[in-house]
Amino acid sequence: MRRITFMQAINEALAQEMERDPTVVVFGEDNAGGAGAPGEDDAWGGVMGVTKGLYHSFPGRVLDTPISESAFIGAAAGAACSGLRPVAELMFVDFMGVCFDQIFNQAAKFRYMFGGKARTPMVIRTMYGAGIRAAGQHSQSLYPIFTHIPGLKVAIPSSPYDAKGLMIQAIRDDDPVIFFENKVLYAVEGEVPEESYTVPFGEANFVREGDDVTIVAIGRMVSFAEQAAEELAGDGIECEILDPRTTSPLDEESIYESVENTGRLVVVDESNPRCSLASDIAALVAQNCFEDLKAAPKMVTAPHTPPPFSPTLEDAYVPDPERIAAAAREVVEGAGARA
Amino acid sequence: MSGIVKLGMPKWGLSMTEGQLVRWLVEEGAELKPGDEVAEAESEKINGTVEAPAAGVLRRRVAREGEVIPVGGLLGVIADPAVPEGEIDSFIEEFQATFVPGEAGEEAGPEPQTVEVGGRSIRYLKHGEGEETAILLHGFGGDLNNWLFNQEVLADGRAVYALDFPGHGGSTKEVEGTLDELAGVVSGFMDALGIERAHLVGHSMGGAVAATLALARPERVASLVLIASAGLGPEINEEYIRGFIAAGRRKEMKSVLQLLFADPDLVTRQLVNDVLKYKRLDGVDEALKKLAGGIFPGGRQANVLTSRLTESEVPILVIWGDKDAILPPEHAAELSGRAPAEVLEGRGHMVQMEAAGEVNRLIEDFIGGLE
Amino acid sequence: MTTVDTARLREPSKEELLESYRVMRTIREFEDRLHVEFATGEIPGFVHLYAGEEAIAAGVCAHLNEDDYIASTHRGHGHCIAKGCDVKAMMKEIYGKKDGLCHGKGGSMHIADLDKGMLGANGIVGGGPPLVCGVGLSAKVRGTKQVGVAFTGDGGSNQGTFLESLNLAAVWNLPCVFVVENNGYAESTSTNFSTRGIDIAKRADGFGMPGVVVDGHDFFAVYEAAGEAIRRAREGGGPSLIECKVNRYYGHFEGDAQTYRAPNEVENIRRERDCLDMFARRVTDAGLIERSELEQIDEEVRALIDEAVEEAKAAPEPGQADLLSDVYVSY
C-alpha cells in the first residue's frame, strides 16, 4: 500500500473532508501563511506546513488569523453552532492558556448545558510533545487536562493511518474534538489508504500481541514501546501493546481484556505524572483488574518538571525505550512481581 | 541429498515475513501424502495449516511449538525412510547455515493492480501464466485476499486472477447491487484484460455471480467451481448478513466472522481489524446495504439458479463445508446428477481457507481434467 | 465616531412598535416577577435581572430574523425573550425543571435556544463575542445573509475576548454587531473606575469599524443605531460597535444590597428614564398607538407570566438518568 507521512495523512484528511463537505473550514495562525503579504499567499501552510496547499484548493475556506487564540478558538465554537465544521489550529497546545475558556467553558459545555440541543462539531488541531528543543512553553503534553473535561473528545494518533482516520472521524463528529499531533511524528511514514475512512473513537489499537505484559502507550510513546517490546522479545518477554488512540472516550474494555490475560501493566505517557493518563489508567486497572494483577502497575512518564531546553536534559525528560523495557522487565521478573 | 524435502514456513499474503508454529499435527515418523496437514501456523493476519509438499516420512520436527520462523525457514524435514539419519542432519545443518530470511517485500510476488471496467476501478491480483485462465470471485464482504491459500497454488501453469467486486477491497465502492451487475463487471474485466474464456471459481456470492455469467455468456465460461455458493437455494443466514453490515466494533465483528469458520480460533484479531478497516472506508456501508438488499432481500436469496444451471452445459464442480453456517450444506446436493458435489467434513463457510489443500486439489483435478 | 440623529431616520411600523412594546413589557414583567419569586427561596442558584435595559434587547432584536444569531451574557433573560425564546420554557429552566428550555441543565445563566438563534446566556463575562465571530464566519462561508450580534456589558468590554473579537471581526470583515450594554457597573465596580473616562464605543476606532453611543433607555435610539449596523453587516460592510448607556433596576444579582449605589439612584432613573414609559409617551403623543392598546398588552403579558410561574412551580423535576445524558453525541 501507498506510504505517506503523518503530516501528509493529516493534510489529506483535511483536503478530502473539505472536498466532501463544503461546511468544513480551516483556520489558525499562518494556516495559509502569507495572506495579505506581498509574497506568496500560501507561504507556510501552518507553522509546520500541515495545511499547505489547502488555501488554493478551497478558496475562502482556509483563513489566517490574527494572533488571537481567544477570538478564533471561540469563533470555532460559534461557527460550529451555526452551520460550519471548523478545524481550528491552536499552534502549540501550550497556548491553551490564552483560550481555554473558549474550549472548556464554551465548546465543551454547550451540548449538556443547553439540554442536548446544541451540536458543536469542531476540531482543534494542536501540536504537543517534547523533542524539538523548544523548552517549557512549546513542548508540553497537556492532553490529560482536556481528557479531564466532560464534553471534549481527545484524539492522539500514533501513526499516519490513525492520523488520517481519526481526523476524518473528528471532523464528522458532532462534539468538539481536540486533536493532538506530536510534532516529532510529522515525518514518520506509514501505509495509508488513498480513500477516505474513519477510525472510530474509543477503540484501542492492539499494536502488538503478547502474553506477558500489557503496555499501554500514547502518541509518540507507541513506537518507543514497540522498540522496547522488540528488545524484550529477544529475552522471551512478550509484550502486548495497546494504543488507546483516543483518551476521551477511553477504551477501558480493551485494556482490561489485555490485563486479564497478561496480569501486568506498564503505562507510558509523555505527560507529567500527577493526574496524568498514566495515573488514570493505572488506577482504573488497579480498581477493575485487581484479581488478575501479578504485579503492581508501573507508570513511565516525564518527571514532574517543565520540559527543559538543554538537549541533554530534554532527552532525559522524555520516556524512552530503555525506561519502558526496564519497567516491563520489572513487572515481569522484578521485586514488584508476585508469582 | 536427493529425496530430502524441506517443510518450510509458508507465505500467506504479501505482508507475511514470519509465522509462528502453533502446533504439530503429526508425530515424527508419520507417513505423509502430498497435501496432508502437518502443522498449524499463524501469521499476523491468519491462522492456517502447513501441508506436506511431497510424499514421505516426517523425519524431523525442527521447529518447536510456539517458535517464530521466517517465511521459507525450516519447520521440518520429509524424506524417504531409506535416507540415513546422517544425511538428514547434514541437510538441516547446511540449510540453517545458509538460509537468509527475506526482507519484508522481498520476493513479494505480484502486487495488486487496477483496471478500469465500465467507469469503475477494479482491483485485481494476477498469479501465473498459461494458456488457460481462471478467475477467482470472492463473496459478500470479502476481497481477493480470501484466496490467499489458493491462488498461487492454482497458478501453476495457468493465469489465475482474483478480483475485488465493486464495493469491496480496493475497487470502486459504488455498486447497484445485483448479480447481473456483478456478472457484467466480470465480463467487462475479461474484456479489459483480453481474456476470451475462463474457468470461474466463485465463493458464496461470487459463486452466484459466476453462475449468472455462465448462464448469460456460456461461450466465455470454461467451467464453474461453486464453493459454498449462493444461487443454489433460497436460504441464507440472514443474521450473518445483517450482523456483518451492522458490526462496527471489534467484539461484534469477531463474533460475526466466527460464523464463517468451523474453527472459531481462525478468526484472529488482525483478521477482524482488516475487515473493520475495509468496512470503515467511505462508501462501503452503503455498498454492502445495496448488495444485501439486491441479492439477499429480506434474508432470502433473490436468485435461485438451480434449474437453469441443470439445463446448461457448462461443467460444474460444487464444493462445500458441512459445518457451513451461512449457506446450508444441503444446497450442495441441488445440482446432484448434474455436477459432482464435494462436501468436506468439519469445515465451515470459508472452506477454501479452512481446507485449502483439499480444495486446491479438487479444483486442480477438475479444471486440469477439462484442460 | 458618529452619532445617530434619531429624528432623521424612518420610524418603525405600528405592528413593529406593538411587538417591540410587547417584548419590553414581557421582559419587565418576567424580571419583576423573578425578583419577587427569588426572595421566596424557591429558585435555585442565582439570577441576574435585566429590568431597566429592555429597550436594548428589543431595539436590536427587532431587526433580526429567526436565523440570525445572538450571544448573550449572564444577564440574559431579556435577550432570550427578544430573540423569541419560549417564555414558559424559560421560566421552567430558571426553576431547574425537566421541561425547561435546557431540560434543567443550564439554568438562568445558560438559557439557550439554538433553533431561535439564541446561542446562550453566558456565565463567563466576555464569553459571547468570539462565538459571534464564528457566526459571522459561518454566514460568510455559507453565503447566507445571516448576522450575529454579541451583547456584552461594560465589564465584558474589558475582557481580552471582546477586544480580540473586534479585531478578528474587522480583519475577516464579518457580519457582526457588538452591543455593549454599559449599565455603569461591573458587578459592584463602577465603569468610572474600570474604564478611563472615554466612551467604550470609541474603541471601535482602534479596530477600523464604526462605533456609536446611544441612550440605552431610548428604544428608538437603539432601534435606529442597530438598524444601521445590522443593515451594514448584512450587506457585507463588516462589523460595528454600539455602546448603549443604560441603568439596571436591580442589583448585580438578586440579593445584592447595592450599597455601592447612590441613594435614590434607581428611583430617579425609574421616574425619568424608564424605557417603557418613554416608549409609551412617544407613541401615544405622536398618535401612533392608543394608550388602551398598550394596556391590553400589559394585561396579556401579566397573565402569561402568571401562568409561566404557576406552571414552572408545578413542572416535574429532571430524573436521575438526566444527569448522564446529553454530554456526548451518541453513536
Side-chain angles (χ1 to χ4, degrees), chain A residues 22-25 27 35-36 60-61 63-86 88 98-99 101-102 105-122 150-153 169 172-175 200-202 248-249, chain C residues 67 69 71 93 98 100-107 109-115 117 119-120 122-124 126-144 146 148 150 159-172 174 322 325-329 331:
Chain A
T23 68
V24 178
V25 297
F27 54 81
R61 291 165 60 198
L63 293 92
D64 279 340
T65 66
I67 299 182
S68 307
E69 285 88 357
S70 297
F72 75 76
I73 295 294
C81 288
S82 59
L84 293 185
R85 289 186 179 270
V98 295
C99 61
D101 179 70
Q102 308 303 322
N105 271 327
Q106 310 296 337
K109 296 290 189 290
F110 289 163
R111 177 178 292 277
Y112 191 82
M113 214 163 60
F114 300 161
K117 285 186 279 186
R119 293 182 324 140
T120 317
M122 61 186 277
L152 298 179
K153 291 174 178 167
Q169 174 61 36
R172 295 180 189 178
D173 203 285
D174 277 346
D175 288 317
F201 288 177
S248 179
Chain C
D67 68 349
Y69 285 93
E93 185 60 32
K98 185 178 172 63
L101 206 48
C102 304
H103 304 323
K105 289 177 169 174
M109 260 192 298
H110 310 106
I111 300 185
D113 191 346
L114 278 289
D115 294 339
L119 286 170
N122 207 311
I124 305 299
L131 302 177
V132 161
C133 289
V135 167
L137 177 66
S138 182
K140 196 171 168 177
V141 169
R142 291 179 301 118
T144 68
Q146 288 161 290
Q159 284 279 27
T161 51
F162 173 74
L163 300 164
E164 286 192 20
S165 295
L166 291 185
N167 188 50
L168 186 65
V171 165
W172 280 353
L174 299 176
D322 296 320
S325 62
D326 299 329
V327 65
Y328 292 110
V329 59
Y331 51 79

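We name chains A, B, ... by the order of the sequence lines, and we start the count at 1 in each one.
- Only the side chain of C/L114 comes within contact range of chain A, with heavy atoms under 4.5 Å apart.
- Across A/E69 and C/E164, no two heavy atoms sit closer than the pair N-OE1, 3.7 Å.
- For chain A, the option among C/A112, C/G134, C/G123, C/C133 with the highest count of heavy-atom pairs below 4.5 Å is C/G134.
- Rounded to the nearest 0.5 angstrom, A/F110 CZ and C/H110 NE2 are separated by 10.0 Å.
- Only the backbone of C/D322 comes within less than 4.5 Å of a heavy atom in chain A; its side chain stays farther off.
- With a 4.5 Å cut-off on non-hydrogen atoms, A/D174 touches chain C through its backbone and its side chain both.
- A distance of 7.5 Å separates CG of A/L63 from NZ of C/K140, quoted to the nearest 0.5 Å.
- When the candidates C/L137, C/D115, C/L163, C/T144 are compared by the number of heavy-atom contacts under 4.5 Å with chain A, C/L137 comes out ahead.
- Minimum interatomic distance between A/S82 and C/V135 (heavy atoms only, all atoms of both residues): OG-CA, 3.5 Å.
- Chosen from A/A77, A/G36, A/A76, A/C81, the residue pairing most often with chain C at heavy-atom distances under 4.5 Å is A/C81.
- Taking C/Y69 as the reference, nothing meets the ring-ring contact (aromatic ring centres under 6.0 Å, His included) condition, with sequence neighbours excluded.
- In this structure, the separation between OG1 on A/T23 and CZ on C/R142 is 8.5 Å, given to the nearest 0.5 Å.
- Counting heavy-atom pairs closer than 4.5 Å to chain A, the top-ranked of the candidates C/V171, C/L168, C/V132 is C/L168.
- Considering every non-hydrogen atom in both C/Y328 and A/S248, the closest pair reads OH-OG, 3.1 Å.
- Contact annotation for C/L101: both backbone and side-chain heavy atoms come within less than 4.5 Å of a heavy atom of chain A.
- C/P130 and A/S70 make their closest contact through CB-O, 3.6 Å (heavy atoms, listed as atom of the first residue, atom of the second, distance).
- Taking C/K105 as the reference, C/S325, C/D326 meet the side chain to side chain donor-acceptor pair (under 3.5 Å) condition, with sequence neighbours excluded.
- Heavy-atom distances place no part of A/I73 under 4.5 Å from chain C, backbone and side chain included.
- Distance check, rounded to the nearest 0.5 Å: CZ of A/F114 to CG of C/L119 gives 7.5 Å.
- Considering every non-hydrogen atom in both A/G74 and C/L131, the closest pair reads O-CD2, 3.4 Å.
- C/T161 contributes atom OG1, which lies 6.5 Å from atom CD of A/Q102 (distance to the nearest 0.5 angstrom).
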